[in-house]
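Here the structure is laid out as structure tokens; the discussion comes afterwards.
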Amino acid sequence: MTKKTLPFANKVWIFQCDPKKYEIKEALEDQDVKNEFHWKVKQHRQEIAKGHFGMMWISGRSAGIYAITELISNPGEFNESEAEKKYWKDPADEEGIQYRVKMRLIDCIVPLTKEKIKNTPGLESLKIITMPRGTNFPVSTEEWKI
């Protein structure tokens, strides 16, 4: 397996998804979703910005990073597209206009599991590991390089 080279990024964020609520893997395989989709921004609204990169974290038993994204908007009040809405397991969870950021998928990756992250020097202190409550988590430049 060859190691992929990730683009340089000034700022990187982890965006957490609960697969019990939203089928993110399926959504990112959908041609109508992966070029532009939205994700809630509950923390770091003043810091997250267009041009930053994101990592999609799926929580649960198989927790880990599953995709790399590029943010294509600043956070703002957005509704999801009809294509995105169909991946909510309970349509009542889709809450209409929310503070979100628009992203595009760069790549789905072989999952970087929570266990692998915890056992990788320099990554064991990622905020998603040490303080997993929340939706948005900063990633340092050093962590991104690893």
Side-chain angles (χ1 to χ4, degrees), residues 3-60 62-89 91-114 116-118 120-146:
K3 185 176 178 181
K4 293 183 181 182
T5 302
L6 296 173
F8 171 78
N10 285 323
K11 251 341 196 168
V12 180
W13 303 92
I14 291 176
F15 295 87
Q16 183 164 212
C17 177
D18 181 348
K20 293 178 185 172
K21 293 183 178 186
Y22 193 78
E23 297 171 329
I24 187 67
K25 290 181 196 176
E26 293 81 355
L28 293 177
E29 291 175 0
D30 186 328
Q31 293 297 321
D32 293 330
V33 174
K34 68 182 184 178
N35 290 323
E36 183 177 299
F37 65 100
H38 301 81
W39 210 258
K40 286 185 183 179
V41 176
K42 292 187 174 185
Q43 299 86 22
H44 308 286
R45 289 181 181 175
Q46 302 302 318
E47 300 162 71
I48 295 172
K50 179 179 179 179
H52 292 175
F53 286 89
M55 294 189 282
M56 297 306 298
W57 176 277
I58 299 176
S59 62
S62 302
I65 297 167
Y66 284 76
I68 306 297
T69 66
E70 180 179 9
L71 281 59
I72 58 174
S73 79
N74 290 325
E77 292 183 337
F78 297 109
N79 203 345
E80 293 176 305
S81 69
E82 290 303 314
E84 293 172 273
K85 290 177 184 180
K86 68 185 174 189
Y87 294 102
W88 285 101
K89 291 195 174 185
D93 285 335
E94 193 285 311
E95 300 167 336
I97 295 176
Q98 294 284 320
Y99 218 78
R100 307 173 197 264
V101 66
K102 289 182 192 175
M103 303 183 194
R104 73 173 176 81
L105 178 68
I106 292 177
D107 200 2
C108 287
I109 61 173
V110 173
L112 182 54
T113 66
K114 180 179 179 179
K116 176 123 177 132
I117 291 169
K118 286 168 65 173
T120 300
L123 294 182
E124 66 276 354
S125 295
L126 273 172
K127 297 289 185 214
I128 190 84
I129 301 294
T130 61
M131 300 170 56
R133 295 269 186 224
T135 305
N136 319 115
F137 303 86
V139 177
S140 73
T141 302
E142 294 77 24
E143 292 165 335
W144 176 248
K145 287 178 184 176
I146 294 169

Legend entry - Side-chain (Asn74) to main-chain (Lys50) donor-acceptor, under 3.5 angstrom: yes

Inset, instruction - Would you mind reporting whether Met103 and Ile72 have side-chain heavy atoms less than 4.5 Å apart? - result: no

Inset, instruction - Grab the two heavy atoms, one from Phe137 and one from Met131, that are nearest each other, plus how far apart they are. - result: CE2-O, 3.1 Å

Legend entry - Expected output: side-chain Lys89 to main-chain Pro19 donor-acceptor under 3.5 Å: yes

Legend entry - Taking every non-hydrogen atom, the tightest pair across Val33 and Ala27: CB-O, 3.3 Å

Legend entry - Point-to-point distance, once rounded to the nearest 0.5 Å, from OG1 of Thr69 to CG of Leu28: 8.5 Å

Legend entry - Nearest-0.5 Å distance that lies between atom CD in Gln16 and atom CD1 in Ile58: 10.5 Å

Legend entry - Worked check of salt bridge (Lys or Arg N to Asp or Glu O under 4.0 Å) between Glu77 and Arg100: CA-CA 6 Å; Glu77 292 183 337; Arg100 307 173 197 264; over 6 Å; no

Inset, instruction - Determine yes or no for a side-chain-to-main-chain donor-acceptor pair under 3.5 angstrom, with Thr113 supplying the side chain and Gly64 the backbone. - result: no

Inset, instruction - Identify the heavy atoms of Gly54 and Phe15 that sit nearest to each other, and give their distance. - result: CA-CE1, 3.9 Å

Inset, instruction - Of all the heavy-atom pairs spanning Ile48 and Gln43, show the shortest one and how long it is. - result: CD1-O, 3.7 Å

Inset, instruction - Please work out which of the three classes, parallel, tilted or perpendicular, describes the rings of Phe53 and Trp144, given edges at 30° and 60°. - result: parallel

Legend entry - Arg104 to Phe37, cation-pi by 6.0 Å centre distance and 45° axis angle: no

Inset, instruction - On the 0 to 90° scale, with breaks at 30° and 60°, tag the Phe78-His38 ring pair as parallel, tilted or perpendicular. - result: tilted

Inset, instruction - Test Tyr99 against Arg45 for side chain to side chain contact (heavy atoms under 4.5 Å, CB included), laying out the working first. - result: CA-CA 9 Å; Tyr99 218 78; Arg45 289 181 181 175; 3.2 Å; yes

Inset, instruction - Taking Asp32 for its side chain and Glu84 for its backbone only, find out whether a donor-acceptor pair lies under 3.5 Å. - result: no

Legend entry - Distance-only polar pair, side chains of Glu47 and Trp13, donor-acceptor under 3.5 Å: no

Legend entry - Qualifying residues under side-chain hydrogen bond (donor to acceptor under 3.5 Å, both in side chains), relative to Glu143, sequence neighbours excluded: Ser140

Legend entry - Nearest heavy atoms of Met56 and Ile24, plus distance in Å: CE-CD1, 4.1 Å

Inset, instruction - Would you name the heavy atoms of Leu123 and Ile129 that are closest together and state the gap between them? - result: O-CG1, 4.5 Å

Inset, instruction - Not counting sequence neighbours, list each pair that qualifies as a side chain to side chain donor-acceptor pair (under 3.5 Å) and has a residue in residues 124-135. - result: none

Legend entry - CG-NZ distance between Asp30 and Lys86, expressed to the nearest 0.5 angstrom: 4.5 Å

Inset, instruction - Verify the neighbour count for atom NZ of Lys85: are there more than 12 heavy atoms of other residues, nucleotides or ligands below 6.0 Å? - result: yes

Legend entry - Leu126 CG to Thr120 OG1 distance, which is reported to the nearest 0.5 Å: 9.5 Å

Inset, instruction - Apply side chain to side chain contact (heavy atoms under 4.5 Å, CB included) to Trp39 and Lys102, showing your working. - result: CA-CA 7 Å; Trp39 210 258; Lys102 289 182 192 175; over 6 Å; no

Inset, instruction - To the nearest 0.5 Å, tell me how far Thr141 OG1 sits from Ile146 CD1. - result: 11.0 Å

Legend entry - Approximate separation, where rounding is to 0.5 Å, of Ile109 CD1 and Met55 CE: 8.0 Å

Inset, instruction - Would you please name every residue forming a side-chain contact (heavy atoms from CB on, under 4.5 Å) with Glu26, sequence neighbours left out? - result: Glu23, Tyr87

